[in-house]
A.B. asks: 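Here's a structure for you.
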Amino acid sequence: MTGAHNDKTLDKTFDPAAIEAKWYAHWESNGLFRPHRPDAQPFTIVNPPPNVTGSLHIGHALDNTLQDVVIRYERLRGKDALWVVGTDHAGIATQMVVERQLEASQDKRTNYTREAFIDKVWEWKAESGGTITRQLRRLGCSMDWSREQFTMDPHFTKAVVKVFVDLYNQGLIYRDKRLVNWDPKLKTAISDLEVETRETKGGFWHFKYPLADGARRDDGLDYIEVATTRPETMLADMAVAVNADDPRYTSVIGKDIVQPLTGRRFKVVADEHADPELGSGAVKITPGHDFNDFEVGKRAGIRPGDMLNMFDAEAKVVQTADGLVPEKYLGRDRFVVRDMVVADMKAAGCLIPHVTKDKDGEEVAADFEPRTIQTPYGDRGGVVIEPWLTDQWYVNAEELAKAPLEAVRSGAIEIVPKTWEKTFFNWMENIQPWCVSRQLWWGHRIPAWYGPEKGDFGEIGLGWETDPKGKSVIRNRKVFVAETPEEMLEQAKRYYGQRELAIVGNDVGEAFDAYMKRGEIPIFRDPDVLDTWFSSALWPFATLGWPDATLPSPSGEGPGVGHVVPRSAANGDNPHPNPSPEGEGLAPSLLARHYPNDLLISGFDILFFWDARMAMQGIHFMKDVPWKRLYLHGLVRAADGQKMSKSKGNVVDPLGLIDQYGADALRFFMAAMESQGRDVKMDEKRVEGYRNFATKLWNAARFCQSNGIAASGSLAAPAAKSAVNRWIIGEVVETVAALDHAMADLRFDAAANAIYHFVWDQFCDWYIELIKGSFDDETRAVAGWVLDQILVMLHPFMPFVTEELWGALGERTDYPLITAKWPEPGVAVDAEAKREVEWLIALVGNLRTAKNELGIAPGAKLDAFLPEPSATTRGIVERNPAAIERLARLNGIRFEAAPAGAAMQVGAGDANVIIPLEGVIDIAAEKARLAKALEASTNEAKSLEGRLNNPAFVEKAKPEAVEKARADHAMHAAEAERLAAALARLG
RNA sequence: GGGCGUAUAGCUCAGUGGUAGAGCACUAUGUUGACAUCGUAGGGGUCGCAAGUUCAAUCCUUGCUACGCCCA
C-alpha cells in the first residue's frame, strides 16, 4: 500500500508513518547517527536533557528539530558529528510525580524510609523513563543513543561530587545561615530562579505600635504607625525602622516599642530602608521572615542566629526563641494567623482603619486597604514562598560568573541572536549566591558529613539543639566535605584524633548522647540533595567522561572507572545504576575531542537556569567555554498566541501532529517558522502545507523515476549543453550557497525556505515542465543529479521522505542518504543559460496571463509572429522549440510580420510576440489589457525619470543606485514604447 | 521602576535605505506525459502613529500608542 515496493517503484501516495519507523530503526541499528570518522573535524552538540520521566511537548519538538537539522547538516558535510543525548533526573519534578502516585493510593512518602522511597522513584524511572526517548526517535532525532546519559549515572554522579568537593575546597561553595525562599508545600529551599512573582489581590494593614516607658514623639503621639501586607509576621518583629532624616521620628530613635500581641520589647532603629515618603515612614522589622528586614536587622546588629523564627517547615506558627508568641497562635497556618492577628490588634485598639469615601461621599472605614501584591510563588509547588532562616549550601555565583561574562564579551561564546547578550550580562552582573541544597530525597546527595565541633580546649560534646524543622541537630557542627566516606573518615580522624567514630543515620537526634556515652563520636551525612541544575550544569563535559580519562565500561566488564566509586559515595541512594553502554569511539580523547561543544541550542527560558550555569562550571573546571555558540529560540505558542498550558487546555501534542502529517512536515514547520528573536506560533495549516510539500517532492521523484531518471552517482554536476540543464545546475549552485549561508548564520527559516522554493518553484514548476518531451541522456543525467542534490539538501529538514526516495532512486544500500555527501557542484552559475530560461519563463507566464484575461482557453494552440527578433531572442526561440510548443502552446514563433488583423501581443525580454486572433479575441478587451499595462509601465518610467532628473539624486546617490535607476528607466520606457505600438496596431 | 522584544496583505510570518514578498485563506478556472495533499491566473498592503536625518525612509534616530516577555 505504502512506501516503496520491493521493486522500488514508488507508490502513487506516500504514507509517512510507514517509512518513518523503518528508516529510524535502520539508521539506529547501523550506527549511522555516529559514523566512525576519526579523521574528520568534530562537531558536537549536547541536547538539553529532558526530564527522564517526562514526555515530549511541542517545545521539545522545536528544540530538538533545530538541533537535528544542524547535526544532520554537519554530518552530511563530512564532520564527525556527535549529538550527545540523555535525560535529567529532575529532582523536584520527579519526586513530586512519585509522591502524587503515592497520594493516589492514600499513601505518602513519609510512610517509607528514604531508601525505600528512592527505590520507588527508580522503579518509576524504569517504567516511564523510555517515553521521551522513544518520542525523540519518532521526531527523527539522530542522537548518539549508544552513549545515552542520565544525570544520576554513576560516572555522572562522580562528576557532581567532585565538582562539589572542589568548589568547597576552593571556597566557592559554603554553608550559610540566611534567608532562603522556602516552599512550605514541598518543604524545601529553592533558588531565586525557581520563584515566580505573581500579582495577587491582598491588603495593606496599618497598626499602632505603642512606645514604651511613656515616650512620645515630638507631635505628642505615643505610638508609631506601621503598615504591612503580612500582619502575621508581627509575632516575630524585632524592631521598627525609621529614617534618620525623618523629623517625625528623630526624637524616638533608640526608644523601645512594646509589641501589643507578644509584649516583646524592641528598639526603634534608624535605617535607610525606611522611606519617609512612603506611608507613615516607619516600618516594622521581621528579620527572620523578610529579605529587606533581614538586611535591616543585620545593620541593626542582630546576628542571623539570633533572629526570631516563628514558622515551621509548613509555614505553621511555632514558638519563637523568646517564648513570647501567645499559645493560641501556635500550630496554626500562616494565613489563619494573619486573620487572628488582625482581629486581635483591632480588639486591642491598635488597628488603624482604612478610610475611604463611598459613592455618596460618606466616609467608610475598612480594616485594610486593598492592594495588588507582588507575591512570590514556588514554580513547582505553586504555593506562596516563605522567606525562612535556615542553613543551606550556597555557590559563590558572583565569582563563577566572572569568566562567562568575559567569554561573552570577548566573543569566545557567541550568543545568537545577539539581543540576548544584554539579558545575559544584566543577570550575570547582578547574580546572587546560588542556594544549591534541597530538602528532598531524590537527587545527588550532598557529600558533606557533620560531627560535633571541638571546644576551645578540644572537648567534644557541646550538646544538641532543635532546628526549625523540629529535628535534633548537633549545635556546633564540624563539617567534613569529601568525595568518599573513606576520605571523610580520614579527615575526621585527623580532627578527632584517636577517638572512635560512628557513622550514623540521617537523624542523629537523641541517639547522640548514647554514642557519646559509648565513647563514640557520631558523624552523619547531610540529608539534603543538590539542586538539579547543579548537576545538569556539568552536562557538556560530564557526559563526555569527565573527570575520568575514559568512560566507565559496562557492568561486569572489568574495572570500569565508574565502578570504583563506592555506592555510598556515588550517592548512597542509587541501587539501579544505569550502565553506560559502550559505543564507538570511547577513546580517551572523547572529552578532548568534543569539548568545547560547537553549539548549544536551548530555549531562552532556561538561559539562567541552565545555560549560564553550564558556562560557569564549564569554564571553571575545563578552563574553556562549554560551547562556542549559544543559540536561543523562543517558545512555541498556541495558535491564538497564548502560552500553551495544561490548565488552559490549549496544548498541542507533537505526537498527534506527527501521526497526522508525518514527522517530516512537523520538523519542516519548526525550522521554517524559526526566525531569530520571535516565538513560534502554532499554525496547523502550515504543518499541513509542508506535508503537501513532501507529497509534491514524492510525486516529482515518482515522475522522474518513471522516465528513467535515477541516482546520479556523481558529486560534481554532469556536463550539460542545453540551456535548461545548465540553468537548473546553476539554480542548484545558488540554492546550496543560500543554504550554507543561512546555516552559517543559524537562520533556520531562510535555509528551509531556500530548499522549499527551489524544489517547488524551480524544479517542479519549471524544470520538470521544461524537460517533458525531451528526455535525452544529458537531461536524464542532469535531472538525476539535481534530484540527488535536492534529497541531500532537504535531508536535514525532512530526513524520512528524503531517505526513502534516495533508496528508491538507486541501489545504494551501502551509501545511505544520512551519511551522503553535501552538494559540491563544482561549477559556476551559467548566466547565459539563466537568461535563456528566464526568457522562456517570462514568455510562458505573460502568455498565460494574457490568455486568462482575454478569456482564451488555456489549452488553445496559437500561431505567433516575431517580425524583427534580436539575435539573442532568435537563438532562444530556435533552441527551444519543444518548450515553446508545450508550455507556451504556440505553433512555433515565425520571424516574420504578422498577418493584418486583430492580435494579442505578449512581451518577453526585448521581444514583443504577436499572436493573431482574428475573430477570437475581443479587441476592446485586448486594448484595455494593453492600456492597463502601458499605464503601469509609463508610471514606473515617469517615477524613475523624476528621480533621475533630480540633480541631488544623481550627485549624491550611490553610483550603483543611479545606474540601476537608469537601467530600470530604460527598461520601462522600452516596454511602454512596445505597448504603445501594440496598442496602435489595434487601431 | 529597569531591561528586552513585537507592530508589514484577512491569518501566520519573511524582508530591504531606492515606494514590498511567502504560505494559508479568498476569487476565477482545469489545457498540460508526476502530483486535486495538484495546476493556471487573479484580487488584496498609505509596511502602528508622529516628528527628524537623508537626494530618497517600511527599513536609521527620537517620541508616542498597543501588545508580549524578563528582572526588581
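Scope of the values below: all heavy atoms of this structure, side chains included, with no hydrogens, waters or symmetry mates. Each chain gets a letter, A, B and so on, in the order the sequences are listed, and its residues count up from 1.
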A.B. asks: Taking the same atom, C1', in A7(B) and in C47(B), what whole-Å distance lies between them?
C.D. replies: 10 Å
A.B. asks: Which whole-number value in Å describes the distance from Arg702(A) CZ to A34(B) C1'?
C.D. replies: 5 Å
A.B. asks: Distance check needed: C69(B) C1' versus Phe604(A) CZ, whole Å only.
C.D. replies: 6 Å
A.B. asks: Just by distance, with hydrogens left out, do Asp761(A) and Tyr756(A) show a side-chain donor and acceptor under 3.5 Å apart?
C.D. replies: no
A.B. asks: I want to know whether Phe693(A) and Phe797(A) have ring centres closer than 6.0 Å.
C.D. replies: no
A.B. asks: Identify which nucleotide among A34(B), G18(B), C38(B) has an atom closest to any side-chain atom of Ala961(A), counting heavy atoms from C-beta outward.
C.D. replies: G18(B)
A.B. asks: Quote, to the nearest angstrom, the P distance that separates G17(B) from G2(B).
C.D. replies: 32 Å
A.B. asks: Using only heavy-atom distances, decide whether a donor-acceptor pair under 3.5 angstrom links the side-chain of Arg678(A) to the base of U6(B).
C.D. replies: no
A.B. asks: What dot-bracket string describes RNA chain B from 5' to 3', counting Watson-Crick and G-U wobble pairs whose defining distances are under 3.5 Å, with [ ] for crossing pairs and | for pairs to another strand?
C.D. replies: (((((((..((((....[..)))).(((((.......))))).....(((((..]....)))))))))))).
A.B. asks: Within this structure, what is the CG-to-P distance between Leu62(A) and U12(B), rounded to whole angstrom?
C.D. replies: 19 Å
A.B. asks: Whole angstroms only, please: what is the CD-C1' distance between Gln374(A) and C70(B)?
C.D. replies: 13 Å
A.B. asks: Using the P atom on both, measure C60(B) against G43(B) and round to a whole Å.
C.D. replies: 30 Å
A.B. asks: Taking only the P atom of each, what is the distance from C59(B) to U19(B) in whole angstrom?
C.D. replies: 14 Å
A.B. asks: Do Thr423(A) and Asn426(A) pair up side chain to side chain, a donor and an acceptor below 3.5 Å, judged on atom types alone?
C.D. replies: no
A.B. asks: Can you see whether Ser191(A) engages Glu194(A) through a side-chain donor-acceptor pair at a distance of less than 3.5 angstrom?
C.D. replies: yes
A.B. asks: Would you call Asp749(A) and Arg747(A) a salt bridge, taking side-chain N to carboxylate O under 4.0 Å as the test?
C.D. replies: yes
A.B. asks: In terms of side-chain heavy atoms of Lys685(A), which of G23(B), G33(B), A25(B) is nearest?
C.D. replies: A25(B)
A.B. asks: Just checking, Arg947(A) and Phe953(A): is the charged tip under 6.0 Å from the six-membered ring centre and within 45° of the axis?
C.D. replies: yes
A.B. asks: Tell me: CG of Asp683(A) to P of C13(B), nearest whole Å?
C.D. replies: 8 Å
A.B. asks: Between the base of C35(B) and the side chain of Lys696(A), is there a donor and acceptor pair under 3.5 angstrom?
C.D. replies: yes
A.B. asks: Which whole-number value in Å describes the distance from Arg886(A) CZ to U40(B) P?
C.D. replies: 13 Å
A.B. asks: Any donor-acceptor pair under 3.5 Å joining the side chain of Lys851(A) to the base of A41(B)?
C.D. replies: no
A.B. asks: What is the nucleic acid contact for Cys704(A), judged by heavy atoms within less than 4.0 Å: base, sugar-phosphate only, or nothing?
C.D. replies: nothing
A.B. asks: Answer whether the closest heavy-atom distance between the side chains of Leu840(A) and Trp766(A) falls below 4.5 Å.
C.D. replies: no
A.B. asks: Report yes if at least one side-chain N or O of Arg947(A) is closer than 4.0 Å to OP1 or OP2 of U19(B); otherwise report no.
C.D. replies: yes
A.B. asks: Measure distances between side-chain N and O atoms of Asn707(A) and base N and O atoms of G33(B), and say whether any donor-acceptor pair falls under 3.5 Å.
C.D. replies: yes
A.B. asks: Measure from NZ or CZ of Lys772(A) to the centre of the six-membered ring of Phe703(A) and say whether it is under 6.0 Å with the direction within 45° of the ring axis.
C.D. replies: yes
A.B. asks: Let me know, please, whether Gly845(A) or Lys956(A) comes out on the 5' side of the other along RNA chain B by nearest nucleotide.
C.D. replies: Gly845(A)
A.B. asks: Ignoring hydrogens and angles, are the base of A28(B) and the side chain of Glu853(A) linked by a donor-acceptor pair under 3.5 Å?
C.D. replies: no
A.B. asks: Hey, does Arg848(A) reach any base, or is it just sugar-phosphate, or nothing, if we go heavy atoms under 4.0 Å?
C.D. replies: sugar-phosphate
